[in-house]
K.L.:
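First the structure, which I've put down as structure tokens, then a few questions once you've had a look.
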Amino acid sequence: MNIPGGKVTNWLAGTIVAAFLVSLFVWGVDYAAVFGGFIPLRVTGGLDVPGGVPVWLTPLSAAFLHAGFMHLAFNMLMLLFCGRFVENVLGGRLLLLLFVIGAYAAAATEFAFNPASDNPMIGASGAISAILGTYALLYSQREVKAIGPLSGNVVRILWLAAAWTIVQLMVGLVSFGGLGRIAIGAHIGGFVAGLLLTRPLVHARFKGKR
């Protein structure tokens, strides 16, 4: 199977890389994380960030910030690979919609897990998790044996989700220096959002083309 061109995927990845470079060399990663990262405590009004990105927009702005080059590289590698395939099915506009909804789903889940946290959540991994969830449903064709009541398709998706989470943990250990700042809830929320949105988005893409 040939990997499709993925013009929107390439544009999205390029924009994220550009935003990271600006945040790194103009403001510094730490300042940018506080200024534009998603901080659960801001949602409840327990923390004020003067001059920061409006709290309702931070789930999206956080997706364009990263802790370091390795954090960025692994996310962009996954985005460029899975995003091109998903874009080939959904088209560029719906891919962007999936990315945005994934970012907000990731932030919402992270807030549900840690509503009192004052640690900024940054990185595109939550939004990319939504793309990965959609990719898992669209392209996971390898035969996997069922485990108990779980069908082969469910087992395949769970394996992919586990592998993605493990990779993120490894990257997080290198980028953040520990597990405390790794937003596991965000990965779960984004991935589940991708699974749930796949059918509606495919239907929207091909509605009226039968």
Side-chain angles (χ1 to χ4, degrees), residues 1-22 36 38 53 56-66 71-110 121-142 144 151-154 156-161 163-165 167-168 183 186-210:
M1 180 184 296
N2 294 324
I3 298 177
K7 292 182 179 179
V8 172
T9 300
N10 294 339
W11 174 86
L12 180 59
T15 302
I16 293 173
V17 171
F20 166 73
L21 293 176
V22 170
F38 174 74
V53 174
W56 61 269
L57 191 58
T58 55
L60 187 58
S61 62
F64 289 82
L65 303 173
H66 287 79
H71 188 205
L72 174 72
F74 270 92
N75 279 344
M76 293 307 95
L77 179 64
M78 188 63 69
L79 172 61
L80 288 170
F81 179 77
C82 293
R84 291 179 180 183
F85 283 107
V86 172
E87 182 182 346
N88 191 45
V89 176
L90 298 183
R93 292 182 180 180
L94 291 181
L95 175 76
L96 287 178
L97 178 62
L98 178 62
F99 182 88
V100 171
I101 294 177
Y104 277 89
T109 310
E110 183 63 20
M121 183 190 82
I122 58 174
S125 54
I128 295 171
S129 292
I131 295 174
L132 183 64
T134 295
Y135 174 86
L137 287 182
L138 293 176
Y139 289 102
S140 55
Q141 299 176 359
R142 184 178 178 182
V144 176
S151 67
N153 191 46
V154 171
R156 185 188 305 116
I157 291 170
L158 290 177
W159 273 115
L160 184 58
W164 171 237
T165 301
V167 168
Q168 287 298 314
H187 299 120
I188 295 173
F191 191 82
V192 171
L195 294 177
L196 295 177
L197 287 170
T198 300
R199 286 183 179 273
L201 290 177
V202 170
H203 177 74
R205 172 75 164 120
F206 295 101
K207 184 178 180 181
K209 294 186 177 182
R210 298 177 182 177

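This chain uses plain numbering: 1 for the first residue, then up along the sequence.
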K.L.:
Looking at every non-hydrogen atom in both residues, tell me the closest pair between L80 and A13 and how far apart they are.
P.N.:
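For L80 versus A13, the nearest heavy atoms are CD2-CB, 3.7 Å.
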
K.L.:
Within this structure, what is the CG-OH distance for the pair L90 and Y135, rounded to the nearest 0.5 Å?
P.N.:
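Going from the CG atom of L90 to the OH atom of Y135 covers 13.5 Å.
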
K.L.:
Find the distance between CE (M78) and OG (S129) and round it off to the nearest 0.5 Å.
P.N.:
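Between atom CE of M78 and atom OG of S129 there are 9.0 Å.
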
K.L.:
Quick one: does R84's side chain have a donor or acceptor within less than 3.5 Å of a partner on T9's backbone?
P.N.:
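Flag not set: sc R84 to bb T9 has no pair under 3.5 Å.
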
K.L.:
Would you say that I16 contacts L79 through its side chain, given a criterion of any heavy-atom pair below 4.5 Å between the two side chains?
P.N.:
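Yes. Closest side-chain heavy atoms under 4.5 Å.
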
K.L.:
Taking side-chain contact (heavy atoms from CB on, under 4.5 Å) as the definition, give me every residue that meets it alongside L65, ordered by chain and number, with sequence neighbours left out.
P.N.:
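With neighbours one apart ignored, the set is S23, A32, I122.
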
K.L.:
What residues form a side-chain contact (heavy atoms from CB on, under 4.5 Å) with A62, not counting sequence neighbours?
P.N.:
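A62 satisfies side-chain contact (heavy atoms from CB on, under 4.5 Å) with F38 once adjacent residues are dropped.
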
K.L.:
Is any side-chain heavy atom of T58 closer than 4.5 Å to one of M121?
P.N.:
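They are not in side-chain contact.
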
K.L.:
Hey, could you give me each pair passing side chain to side chain donor-acceptor pair (under 3.5 Å) that has a residue in residues 188-200? Not counting sequence neighbours.
P.N.:
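As it turns out, the side chain to side chain donor-acceptor pair (under 3.5 Å) pairs with a partner in residues 188-200, which skip direct neighbours, are T134-T198.
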
K.L.:
Not counting sequence neighbours, which residues clear side-chain contact (heavy atoms from CB on, under 4.5 Å) with I101? List them please.
P.N.:
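Here the qualifying residues are L97, L197.
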
K.L.:
Which atom pair, heavy atoms only, marks the closest approach of A105 to A193?
P.N.:
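Closest approach of A105 to A193: CB-CB, 3.6 Å.
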
K.L.:
Return the NE2 to CE distance between H71 and M76, rounded to the nearest 0.5 Å.
P.N.:
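Between atom NE2 of H71 and atom CE of M76 there are 9.0 Å.
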
K.L.:
Taking all atoms of both residues into account, what is the closest heavy-atom pair of A124 and A63, and its distance?
P.N.:
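Smallest interatomic distance, heavy atoms only, reads CB-O, 3.2 Å.
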
K.L.:
My understanding is that only residues two or more places apart in sequence, or in another chain, count here; which of them pass side-chain contact (heavy atoms from CB on, under 4.5 Å) with V8?
P.N.:
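Partners of V8 under the side-chain contact (heavy atoms from CB on, under 4.5 Å) test: E87, L95, L96.
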
K.L.:
For F20, which residues count as a ring pair (Phe, Tyr, Trp, His ring centres under 6.0 Å) partner, sequence neighbours excluded?
P.N.:
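Per chain and number, F20 pairs via ring pair (Phe, Tyr, Trp, His ring centres under 6.0 Å) with F69.
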
K.L.:
Nearest 0.5 Å, please: how far is SG in C82 from CG in L132?
P.N.:
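With rounding to 0.5 Å, CG (L132) is 5.0 Å from SG (C82).
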
K.L.:
Are any of the side-chain heavy atoms of F64 and T15 separated by less than 4.5 Å?
P.N.:
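In contact.
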
K.L.:
Distance check, rounded to the nearest 0.5 Å: I128 atom CD1 versus H187 atom NE2?
P.N.:
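Answer for the CD1-NE2 pair, I128 versus H187, is 9.0 Å.
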
K.L.:
Compare every heavy atom of A130 with every heavy atom of G102, then report the nearest pair and how far apart it is.
P.N.:
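So the minimum-distance heavy-atom pair works out to CA-CB, 3.6 Å.
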
K.L.:
Between G189 and T109, what is the shortest heavy-atom contact and its length?
P.N.:
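Closest approach of G189 to T109: CA-OG1, 3.1 Å.
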
K.L.:
Looking at NE2 of H66 and CG of L21, how far apart are the two atoms once the value is rounded to the nearest 0.5 Å?
P.N.:
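Here the rounded value is 11.5 Å.
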
